[in-house]
Undergrad: 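One structure, as structure tokens, below. Some questions next.
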Amino acid sequence: MVNRNYNRPVLIKGARIVDPGRGIDAVGDVLTQEGRIASAGPVLAPSDVPDGTHSIPANGLVAAPGFIDLHCHLREPGYEYKETIATGTAAAARGGFTTLCCMPNTDPAIDNEAVVELVRRRSDADAVVRVFPIGAVTKGRKGKELAEMEELASAGVVAYSDDGDPVYDPNIMRLSLTYTLDLGMPVINHCQENGLCCGGVMAEGWIATRLGLPGIPASAEEAMVSRDLSLAEMTGGWLHLAHLSTAGSVDLVRQARQRGVSVTCEVCPQHLYLTDEWALGYQGDLRCTAGPRNYDTSTKVYPPLRSRKDVEALIEGLAEGVIDCIATDHAPHEVASKQVTYQDASFGISVLETALGSLMSLVHDGRISLSTLVDRLTVGPSRVLGPSFEKYATLETGTPADLVLFDPNAEWTVDTRRFASKGRNTPLEGVELKGRVVTTMVDGRLVYQDYGD
Ligand code: NCD
């Protein structure tokens with residue numbers, strides 16, 4: 001249905017153009033030509049539109065730079081039964097994401113040039129959006145010995161992380177942060193003090209107690225956030241904190257920023273939208289056709305869904321800019337790894353296809369402006385990735401035509417049978433969301449078009 005080679009000029013007519021990098025939020029036209037943005041601004045006169053241009057009427061729709069996801073799991077190589085580069089990038093296109101950075105918890109791990117090359121080749125062959133690999137901090141992600149960070153940089157990684165596991169050894173973390181000074185790329189840490197997790201499977205609190213499940217305290221995250229901030233302060237290196245989930249973490253980052261520590265951080269849609277109550281079957285006032293589900297293993301994720309107070313603090317941190325960006329942590333899993341007891345289930349949620357719909361609730365509820373939301377999905381992650389990514393986060397004339405067109409008010413019901421992702425593991429199955437991607441373009445090619453089917 002989607003023609004990946006479609007590359008004639010396209011005119012998006014009468015959209016609300018939200019381009020936070022240029023401070024634009026106004027109705028106008030976007031014209032793409034030869035894979036680039038020819039113009040994105042005031043309505044064009046017919047004489048400015050080349051012959052043969054394909055026109056997309058976009059009244060009531062939002063046109064924005066394509067979303068950039070700093071943190072997702074594409075599972076290739078090694079876990080193709082969970083996701084592939086083909087299915088993961090198709091899911092991204094459906095979600096309005098045009099650039100993905102994929103985590104190295106693959107098998108083998110992305111910890112040397114050969115595996116980076118493999119991911120690049122598979123992406124060249126199968127991906128419908130841009131894919132940039134993140135290299136491991138330690139060899140095999142085993143936490144014992146630093147990976148060849150320089151080799152990985154030359155091979156083209158955009159950051160380093162052992163995500164899925166923390167960089168547990170403080171000396172290795174210190175060393176890797178020191179290397180970021182020369183390499184100019186951040187170390188992304190998954191903050192989890194294992195000694196405090198004690199086999200926990202959800203947030204510590206009354207809900208975990210009521211369900212009889214072992215809890216993960218907020219301090220499991222905050223203790224390592226504190227350690228890492230102190231190491232970043234000492235080394236001057238560049239720390240990026242993955243998937244913050246607690247009010248305390250937001251405070252720690254806010255204070256560190258005031259001291260001038262070189263830290264950036266992200267929050268995930270699930271931690272802005274869902275609470276630990278979902279493990280009890282509670283769905284707030286959301287409309288859901290699937291009904292409440294106790295012990296729903298699709299709510300099991302690392303870091304765990306937390307309390308309403310944490311969600312509020314994360315939303316405030318995002319609005320304020322203490323949190324630089326939204327990243328999905330799209331973690332697809334096969335059915336078998338979730339159709340088990342809560343304790344045995346894998347951690348992770350499939351997020352790419354529901355991200356926009358869930359995040360738009362923050363805009364509809366007046367918690368953040370549409371422009372701030374788009375900023376945190378485009379300009380924010382591009383800043384973490386560095387100046388060469390700025391061109392993907394704007395609709396400025398001459399930049400690659402990577403963009404998303406979405407209907408902010410379209411209501412739709414999540415039906416995982418329609419997912420492009422192999423991962424159907426989302427607690428949002430059957431939930432009605434408001435905000436739907438209509439068209440996604442990469443390099444001026446339509447990589448996704450919603451035909452309402
Ligand atoms: C991630 C995965 O499945 O790779 N799961 C998750 O719950 N976020 C790894 C991880 O960060 O734990």
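Numbering of ligands and ligand atoms starts at 1, following listing order. Owing to the predicted nature of the structure, the values given are computational and were not obtained by experimental measurement.
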Undergrad: Decide yes or no for Met103 and Ile188: does some side-chain heavy atom of the first lie under 4.5 Å from some side-chain heavy atom of the second?
TA: yes
Undergrad: If we count only N and O atoms by modelled type, under 3.5 Å, do the side chains of Tyr168 and Glu193 hold a donor and an acceptor together?
TA: yes
Undergrad: Hey, what do you get for NZ (Lys338) to CG (Asn425), rounding to the nearest 0.5 Å?
TA: 5.5 Å
Undergrad: Can you confirm whether Arg174 is buried at CZ, in the sense that more than 12 heavy atoms of other residues, nucleotides or ligands lie under 6.0 Å from that atom?
TA: no
Undergrad: Any idea which part of Val301 is under 4.0 Å from ligand 1, heavy-atom wise: side chain, backbone, both or neither?
TA: both
Undergrad: Under a 4.5 Å cut-off applied to non-hydrogen side-chain atoms, are Leu403 and Pro65 in contact?
TA: no
Undergrad: Ligand 1 versus Ile349, non-hydrogen atoms closer than 4.0 Å: side chain, backbone, both, neither?
TA: neither
Undergrad: Of the protein's non-hydrogen atoms, which lies at the shortest distance from atom 7 (O) of ligand 1, and what is that distance?
TA: Tyr302 N, 2.8 Å
Undergrad: Gly348 heavy atoms, cut-off 4.0 Å: which ligand 1 atoms fall inside?
TA: 5 (N), 6 (C), 7 (O)
Undergrad: Considering non-hydrogen atoms of the protein only, which is the closest contact for atom 5 (N) of ligand 1, and what is the distance?
TA: Phe347 O, 3.2 Å
Undergrad: Run the salt-bridge test on Lys422 and Glu83 with the 4.0 Å N-O cut-off and return the result as yes or no.
TA: no
Undergrad: Looking only at protein heavy atoms, which one is nearest to atom 12 (O) of ligand 1, and how far off is it?
TA: His190 CE1, 3.4 Å
Undergrad: Just heavy atoms, cut-off under 4.0 Å: does Met103 contact ligand 1 by side chain, backbone, both, or neither?
TA: neither
Undergrad: Counting non-hydrogen protein atoms only, what is the nearest one to atom 9 (C) of ligand 1? Give residue, atom name and distance.
TA: Gly164 CA, 3.6 Å
Undergrad: With ring centroids as reference points, do His243 and His271 lie under 6.0 angstrom apart?
TA: no
Undergrad: Consider side-chain hydrogen bond (donor to acceptor under 3.5 Å, both in side chains). Of Asp163, Asn105, Asp162, which one does His190 pass it with?
TA: Asp163
Undergrad: Is it the side chain, the backbone, both or neither of Arg75 that has a heavy atom closer than 4.0 Å to ligand 1?
TA: side chain
Undergrad: Counting heavy atoms only, which part of His243 comes closer than 4.0 Å to ligand 1: side chain, backbone, both or neither?
TA: side chain
Undergrad: Counting only heavy atoms not in Phe419 (residues, nucleotides, ligands), do more than 12 fall under 6.0 Å from its CZ?
TA: yes
Undergrad: Who's the nearest protein heavy-atom neighbour of atom 8 (N) of ligand 1, and how far?
TA: Asp329 OD2, 2.7 Å
Undergrad: In the protein, what heavy atom is nearest to atom 1 (C) of ligand 1, and what distance, to one decimal place, separates them?
TA: His73 NE2, 3.8 Å
Undergrad: Closer than 4.0 Å to some heavy atom of His333 - which atoms of ligand 1 meet that?
TA: 3 (O)
Undergrad: Below 3.5 angstrom, do we get any N/O pair linking Ala331 and ligand 1?
TA: no
